[in-house]
Structure formats: C-alpha cells, structure tokens
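Structure first, then comments.
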Protein chains: 2
Amino acid sequence: MGNDILSFLRKSKAKIDEFILEALPAEDPVPEIELLFAMMREYPLRPGKGLRPALCLLTCGAFGGNSDKALTTAAALELFQNWIVIHDDIEDGSELRRGLPVLHLQYNSPLAINAGDALAGKMWEVLLGNREIVGPQKGFAILREFTVMLNKTTSGQHIELSWVDKNRWDLSEEDYFLMCRNKTAWYTAVAPMRLGAIIADAPEKTLTMMVDLGLKLGVAFQIQDDVLNLVGSEEKYGKEIGGDIQEGKRTLIAIHLYNHADEGERSRITEIMNKPRQDKTPQDVKEILSLMRKYGSINYASDFAHRLSAEAKEMLGELPFDGDPLYREMLQQLVDFVVSREL
Amino acid sequence: MGNDILSFLRKSKAKIDEFILEALPAEDPVPEIELLFAMMREYPLRPGKGLRPALCLLTCGAFGGNSDKALTTAAALELFQNWIVIHDDIEDGSELRRGLPVLHLQYNSPLAINAGDALAGKMWEVLLGNREIVGPQKGFAILREFTVMLNKTTSGQHIELSWVDKNRWDLSEEDYFLMCRNKTAWYTAVAPMRLGAIIADAPEKTLTMMVDLGLKLGVAFQIQDDVLNLVGSEEKYGKEIGGDIQEGKRTLIAIHLYNHADEGERSRITEIMNKPRQDKTPQDVKEILSLMRKYGSINYASDFAHRLSAEAKEMLGELPFDGDPLYREMLQQLVDFVVSREL
C-alpha cells in the first residue's frame, strides 16, 4: 500500500473492478441474455474514481480491521452506485455518464430500467457472500446498512424529482441540505464509512459518530461535483459541462442564485431553468452562468464545500482509530481530495 | 382455516395486507417524503388476488411447517410483485393496473421508477426480519431465493423487451416458454413454493422437484392471464381488455397466430402489432382478435394452459407432503383456480 491517496484509489479501484467483472457474467447461450449481461457490465466497465469502495476499505483498515474482508462489501457499494445511476440518469434525463452516452440512450429506457434492476439483484447476491467472510451476524448488519442506504437514496431522489415535477425554485438552503444528505451524502460517505467500521468491529458509538461526519463529507462531495459541472473540464469530469443547468438541477449554486437575484432576474431564471432540456439554447446556459458569476454563487458553493470538508476532517481527528495510522492519514487525504479534485 | 381455496385466498390476502401496511410508513413531517410513501402504498392498497403469498403459505403448511413463520416471506413476495410491476408497467407502456391508472400515469415516470426502487428497498428490509423468525441460516437461504427470483424475472423481462425493441415476431413456442418461465413462472410459482418449503425444512431434493412443477404452473397462470386479457371482463380482470394487443405483447396466442397465418396476414399482423400504442385503432384490435379466432389461437392457448395445469397437479401428487392434508387439498384447488379463474 502506497501512502498517496491517488495511488491508493487506483489500486483499490483495480481490485474492485476485478471483483465486479468476476461477479458479473458475460456469456450466455441465449443472445438476448448476453445483451442483458453487456448492459449490466457497461457502467462498471467505464472509468470511475471508486471513491465509495475506497472509503469503505480505508475506514475498515483505520479501525484495525482486515480490509480484505471488506472487499465484497466495497464492491457491492460500487454496484449500488452503478445501478442507482442507471435509474437516476433516466429520471433526470441525463445524457452523459463517465464520458459516454447514458445507458438508456445507448439502448432504450425500458431495457435500461430493467438492466438497473438486474444489477441491483447482482448487488444483493454479492452481499450474501458476506455470510462466509464475516459471519451471519455481521452479514445481516451489512445488509441492513444497504437497506437503510437505499431508503435514504430514494427519499432524497424523490424530494428532488418532486421539486422538478412542481417547477419549484422557492427553496431554502435547508431544503437543499435535506435532499442532498439523503440523495448523495448517505451512500457516498455515511454508508461506506459505517460499513468499513462494522467489518472492523467498531463499537456502536463510533458508528453513530460517522453519521454527522459522513453527511458533511458527502454534501461537500456533491457541492464540489456541482461546481465542477459548471467550471470543470469535460474530459476529466466525464459529463457535459453546464449539464446541470440544462437539466434544471436544484444545486446549492442555483438555489443561492435564485435567493439573491432580483425579481426580474428570478422570473428569467425560472423561465430558463424550467424549460425542457431540448428547448434550452447555449445562450440560455450562458445567461444563467453569467448570473451565477454576478452573484458569486459558484464561489459561495465552492467555499461552502471546503468549509464542510474542513469540519469533516476535524471530526475525523476525533474518531477512536486503533488500526495502522497510515489508513487514517489516507482517510484525511481522501477528505481533502473530495473538494480539491478536478474529476 | 376453511377448506375452500377462495376463502383461504381472501383470508391470507387480508393477513398479508395488514402486514404490508404496517411495514410501509404512511406519515412523515416532510411533505415530499409523505408523497413517496403514498406512492409506495398505492399498488399494495389496490385489490389483488394474493396468489403468490398464498402459494407460499400453503406449501409451508403442506410440508408440516408453521405457516405463521412464512408470513414475512409471503408478504415480501407480494412486495416483490408490487415493485416489479411498477417498473414493468413503465417498460411495457401499460395503462391500467388492478382497475386503476398505472402509477407512472398517476404521477410521472421518474417518480414511479424511484418509488419502485424504494419499495424494493422495503422488501429487502422486511426480509431481514426473517433472521429473528427462522434464524440466520434459513434467513440467508430465503434471501438467496429472492436474488435468484429477481435474476430470473429481469432476464425474462429483458428477453421480451428485446423482442419489442427489434420488432421481432419470428418466434417459436420454445422462445416464448423460455421468456415466460423466466419472466413470470419463476416468481409466480417456483419461488413461492420453494420458499414455503424452505421454511418448512423440506429437503433439497424436494426443493429441486418444485422447479419443474412451478414452471408448469406459472406458465399456465400466464397463458390464462393472456386469455383473460382478450376474452375476460374488464371489471373482474382489472386491466383493459385487448390491452396486450395494444401493447403488441408476445403472448402464446399471438405467436400461435403469427405462425399459422398466411403471408399476407402475417405482414398485416406485424404492421398492426408493431404500431405504437397510441396509433392503434379499435379496428386494428378487432382485426387481430378476429384472426386469432379464425386460427383458434385463443382456444389453443387455453387448452395449453389447462394441460400444463393438469401436469402440475400430477406432479403435486408426487411431492412427499407430510403436513396437514388440508393444505395439500387447498394446493390442488389452487392449481385448478389458476386456469379456471376469471380474475
């Protein structure tokens, strides 16, 4: 294990990829089934950061657990991310995922919804393997964490989709944080850390401490993601730049803008943001971007993410780690990476 | 327990409904979350036959198990059916489910896909309760049956959706049976029976015998469903009569027709069946129906279903039941009901 977080991410991603590709079948005598398998492998085969599995493995190691025993669970976290984004991409009308067309545009929506469900089935199947690795008691505890995570993620996604459905923009930062904590932060940070800690036998009190920490870290991750969506490089970031404006996404940036704009600007903002994606012109996107710059909304969000990440780092320092200190150092680096990353 | 299958179905459905409504939350301080809960409760609250949970409870009793211990698993089977049809209705472009508009027309597709995922999460959560009821070993075995079931169901659905995607009608009966066994028969009959038997401690050999039996019973159920879709009463059946023709569904009836029609009729059949739903006229539906009558396709399918059901009943007689004979009798009645039902 190197002591540099980027090299750790690369190595752990390679291990997870290997595990997942072995778990996902590729061949079948029935050609239709082989196509389903190809669809299930499509997102896992695309390049990704592997942040969530890495967070799980590092937390397990930092609490003195054997991170090899966390590999199955970490791979299941990656499978979770993969199936949930297949459905999210349909729900949000996204166009690119990790630099390539989304699955439902590559095939069609009915096939993609179903492939997402099939991948979810594979995730649960993989998790049943934990019985042999960590025993039935922890095996059940891990499954419970996954049901809580799915519950949180779908709640958050539902809140966001209802806002879109009702064309709502009169949202407070608190509204945003409630949505984001559920939709993204829980599965991005809370669950990976808790799972790693469970496998390492950390006590209940420690698991509870990870909720607040993970929520801060996960929200910081999402805000940074939204910043990169507007100012990043498409090549590194893997989605269309400005895509969030085209999707009319309720980001902290967009909510800050709406809450600071004057009345005339507000009606212009909602007019553009509520347009269906295909009706939005490049000029529309530019207009929103320039208003965001006028009100400092992007800087505001970026500062917010850095503040949250600093708070998460402080909380990390208070956790009763008892494993190899190298893991703790890498966890600290990972917290920094979440807001310093360009991809 | 009465000895009449219809009264058993009513009573067991009431128990399952009670269980499910207790498991599904209804209230939340956040109005958006309360809407998600309402969506999750929508299908479970609509009237249904509760065939799958009943099959599980009866099989458990017939093998001498305590059917109260199968209640959680039976309820999870009903939750499975509910979440999977939310997604299927979107994938197939259906309009009615149990006599009312499908969930994605009542709300919208993004919200409905997500509500299906949330309901799936609830199903897994419910299943974790088995650890306390039947112990960790059987608890894991039950979870494994559910992952196999999801795997089969999504494979079958994928096969059917690929045919639609490619406008394929050059299908053999064997193609149809492969699709139907995966898509419907496994979760309708194989899994419910195997689950009931697992809870009753039936040996592996018995579980294996249930695969062939369940596949026959499940395919018989589906064919009868397709017959009712064409000749049933909308009030009893709960879906639009002729809806399968409007959806262009590959039923045994439609495949029989295609394989027996002359060349001119064939091109007319594919022309009509491949039209998007909204372009199909009532005249189109009538034309297909009259061709189906001309070639005896509906009677052919109905006879086929009865033959499969008779074979299933014979296989049922060979199972080494060791519980109260009343359960076995009701199972036999249930097998008859599957093809004699009008709803």
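The figures here come from the full heavy-atom set of this structure, side chains too, leaving out hydrogens, waters and symmetry mates. In what follows, chains carry the letters A, B, and so on, assigned in the order in which the sequence lines appear, proteins first and then strands, with residues in each chain numbered from 1. This structure is a prediction, so every number in the text was calculated from the model and none was measured.
Chain A forms more heavy-atom pairs under 4.5 Å with one residue of B:Met39, B:Lys166, B:Glu125 than with any other, namely B:Glu125. Contact count versus chain A (heavy atoms, under 4.5 Å) is highest, among B:Asp165, B:Asp88, B:Val164, for B:Asp165. Of the listed residues (A:Leu111, A:Ile84, A:Ile159), the one with the most heavy-atom contacts under 4.5 Å to chain B is A:Leu111. Here B:Trp124 is the residue among B:Trp163, B:Phe146, B:Trp124 with the most heavy-atom pairs under 4.5 Å with chain A.
Of the two parts of B:Met179, neither the backbone nor the side chain holds a non-hydrogen atom closer than 4.5 Å to a non-hydrogen atom of chain A. Using a 4.5 Å cut-off between heavy atoms, A:Asn108 touches chain B through its side chain atoms alone. Only the side chain of A:Val30 comes within less than 4.5 Å of a heavy atom in chain B; its backbone stays farther off. Using a 4.5 Å cut-off between heavy atoms, A:Ser109 makes no contact with chain B at all. Heavy-atom distances place the side chain of A:Leu178, and not its backbone, under 4.5 Å from chain B. Within the 4.5 angstrom heavy-atom criterion, only side-chain atoms of B:Ile90, from C-beta onward, approach chain A. For A:Met123, no part lies near chain B; criterion is any non-hydrogen pair under 4.5 Å.
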Exercise. Could you walk me through whether B:Lys138 and B:Asp201 pass side-chain contact (heavy atoms from CB on, under 4.5 Å), step by step?
Key: CA-CA 9 Å; B:Lys138 274 192 209 168; B:Asp201 278 318; 3.1 Å; yes
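At distances below 3.5 Å, not a single donor-acceptor pair connects side-chain atoms of A:Asp92 with backbone N or O atoms of A:Ser94. Remark: the backbone N or O of B:Gly93 is paired with a side-chain donor or acceptor of B:Arg277 at under 3.5 angstrom. Not a single donor-acceptor pair under 3.5 Å links the side chain of B:Arg97 to the backbone N or O of B:Glu95. With hydrogens and angles disregarded, no donor-acceptor distance shorter than 3.5 Å links the side chain of A:Asn182 to the backbone of A:Ser155.
Between B:Glu32 and A:Arg168 there is a salt bridge, with a side-chain nitrogen of the basic residue lying less than 4.0 Å from a carboxylate oxygen of the acidic one. Ion pairing between B:Lys183 and B:Glu160 holds under the 4.0 Å rule for side-chain N and carboxylate O.
Between A:His87 and B:His87, the distance from one ring center to the other falls under 6.0 angstrom.
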